[in-house]
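Okay, so here's the structure we're looking at.
Since the model is a prediction, treat every value here as computed from it, not as a measurement.
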Amino acid sequence: MYWADELAAAVAGPQVVNDSKSPSGTVHIGSLRGVVLHDAIHRALLGAGLESRFLYGVDDMDAMDSQALLTPDAVERYMGAPLSRVPAPAGSNAASYARHFVGEIFFKTFEPLGIKPEFYWVSELYAASRMDSYVKLALDRADRVRSIYLRVSHVERPSIWLPIQIICENCGKIGTTYATDWDGSTVAYTCKPDMVSWAKGCGHEGRVSPLGGRAKLPWNLEWAARWGVLGVTIEGCGKDLATTGGSRDRSEAISREVFEVEPPRNVTYEFLNIGGRKMSTSKGQGVAAHTIAEVLPPEQLRFLFLRPRPNQVIDFDPEGDTIPRLFDEFDRIAAATAGREVKGELPSDHERLFAYSLLGPSPDVTGAAAAFRPAFAHLALLLQIPGVDIAARMEAEKGAPLTDMELALLAERVASARAWLESYAPERARLAVRRDEMPAEVGALDEAQRAYLAALAASAEAEKPGSGDAWQTLIFRVASETGLVSGRAFGALYAAFLGRTNGPRAGWLLAGLEPAFVVERLRAAAAVTPA
RNA sequence: GGGCCGGUAGCUCAAUGGUAGAGCAGCAGACUCUUAAUCUGCUUGUUGAGGGUUCGAGCCCCUCCCGGCUCACCA
């Protein structure tokens, strides 16, 4: 059974699926794995006849800690401030930095993937006092919190430490304050200049109520509190958090022992690596979500994340054959789903995998599976030949007119293939007519092939073929006249124009070039002395 | 040091307890109009090592070896 369906079969009653993201830091392609996974889980729950909500939270009470994202004059003032209070970059009319960044960049990648969670902003949960009862519990039971940190993670907190981060009333920063002395309604705090290295506190000291949005819980407690506030029943997380003694363990212990709430079911998911290496934006290895989305249409991007089980590493190297093969594998699964015979082994419940790769919430699986999908590599090739009518060629391949859905799929693939040719396609997938010099490969042609080229030059000059069809006919006819097997005739042409042993349909290739150049090159190639 | 994932054909990978198999590469062949297409045939295995469970193990359990990521400060 498909893993998401297995999960859905294992639960009962109404479900709340939750995921969240801190808006600080760059969003790269790997960040989308969790989103797509949670969406698939949500759809699996609905498909199993359960009630389900899919929530997505933005951690905008977190402190701004990335200097690279601020203009230099804003660093002094906003480093350490809650992201909800950092203004959006110049030119944006968003209400805050967090809203700009997440709204403009991250959410725009959700919509095309057919993912529509209910968004919520953590700063609003605090401001609306929905977190207050958990803040009080955390402070009342600070000793329990400290002992959990010690027991689960071997982190020792001083006895005056309180699990709360106050927003400084003077400078507005949250990353620089240290709170002590909870008296049941207020805490004392100091905004320390040297609390953290990346932000400077103002030195203010005060006493304030931590409720109603004036403070936030530290990460692990906030996570647990949210499970309680929102009634979360399923929430996966990356393996960096799920390690023994790590964040997830701490939050689960806090949820049970401090808030007395049963934590949600976990689905730990592995990372997405690029070419066997971890993604790192600082090393230029990270692929921004919107960049890869130009090359991979939504369905293939979903497929990339949904085909492996969640706890398997995905090694995605956009170079080489990876992208064409991803399309081919998708098409194979589509064909199998449509009931056609395919080669090779299929994943268990491949039709479920196919359905979840389609854009939700309730796609036409049968129609999509049966649709004609042009082979990606073939399409990329055709795009490089001048004067090819792609739609007509595809119709000929299918043997029937394309439906509206198929035309849309074709347009989508054409755009992907163009983007691929410009970005990740290997040299061997790119065609280039060698205009400037004779390819060295011509030296490998034998006498019969050179004679063929000479004869073709003469015939072309006399008959002046004007179309791909006319050229193709001539190529075959001259081959027949000179007694050369057609495959070797084509080989000679590819060597003379492309410097390779094979290529696209030669007639259309030659028809796209200037007649004078074609004849001249044919003659020159025919005259080359064999190596 | 702890955790997770992986190790299967020359390469990339599939196969969730039931005959180890695909793509690419290679070899041989077909084709007078898809020539990076299509079709036919062939070849390739100590499934990292060892033990265990089972009628049956690539898959489950145990012990190792190798590689990758991750955590151990904060969020």
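- Ion pairing between A/E252 and A/R248 holds under the 4.0 Å rule for side-chain N and carboxylate O.
- Closest-nucleotide positions on RNA chain B for A/G246 and A/R250 were compared, and the one nearer the 5' end corresponds to A/G246.
- Comparing B/rA15 with B/rU32, their C1' atoms sit 43 Å apart, to the nearest whole Å.
- Within the nucleic acid shown, A/R332 has no heavy atom closer than 4.0 Å to any nucleic acid atom.
- At least one test fails for A/R146 against the ring of A/W161: distance under 6.0 Å to the centre or angle within 45° of the axis.
- No aromatic stack links A/W219 and the base of B/rC74, using centre distance under 5.5 Å and interplanar angle under 30°.
- Taking only side-chain atoms of A/S348, from C-beta outward, the nucleotide of B/rC33, B/rU16, B/rC5 with the closest atom is B/rU16.
- Using a 4.0 Å cut-off, some side-chain N or O of A/K343 falls inside it from OP1 or OP2 of B/rG23.
- Aromatic ring pairs are classed by plane angle as parallel below 30°, tilted from 30° to 60° and perpendicular above 60°; the pair A/W223 and A/W219 is parallel.
- Along RNA chain B, the nucleotide nearest A/A242 and the nucleotide nearest A/E345 are compared for position; the residue whose nucleotide lies closer to the 5' end is A/A242.
- Phosphate contact (OP1/OP2 of B/rC74, side-chain N/O of A/Q165, threshold under 4.0 Å): absent.
- A/F476 comes within 4.0 angstrom of a nucleotide base, judged by non-hydrogen atoms across all strands.
- Listed pair A/N273 / B/rC69 fails the phosphate criterion, with no side-chain N or O lying under 4.0 Å from OP1 or OP2.
- Counting heavy atoms from C-beta outward, A/S416 and A/L296 have side chains that stay 4.5 Å or more apart.
- Side chains of A/R85 and A/I167 form a contact here, defined as non-hydrogen atoms less than 4.5 Å apart.
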Review point. After noting the C-alpha distance and the side-chain angles of A/R302 and A/S357, does the key distance pass the side chain to side chain donor-acceptor pair (under 3.5 Å) rule?
Key: CA-CA 5 Å; A/R302 291 181 63 99; A/S357 297; 5.9 Å; no
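- Close to B/rC74, at under 4.0 Å from its OP1 or OP2, lies a side-chain N or O of A/R157.
- Taking a pair as Watson-Crick or G-U wobble with both distances under 3.5 Å, RNA chain B forms stems of 3 or more consecutive pairs at B:1-7 with B:65-71, B:10-13 with B:21-24, B:26-30 with B:38-42, B:48-52 with B:60-64.
- Cation-pi geometry between A/K239 and A/F271 is satisfied (NZ or CZ under 6.0 Å from the ring centre, within 45° of the ring normal).
- Not a single donor-acceptor contact under 3.5 angstrom links the side-chain atoms of A/K239 to the base of B/rC5.
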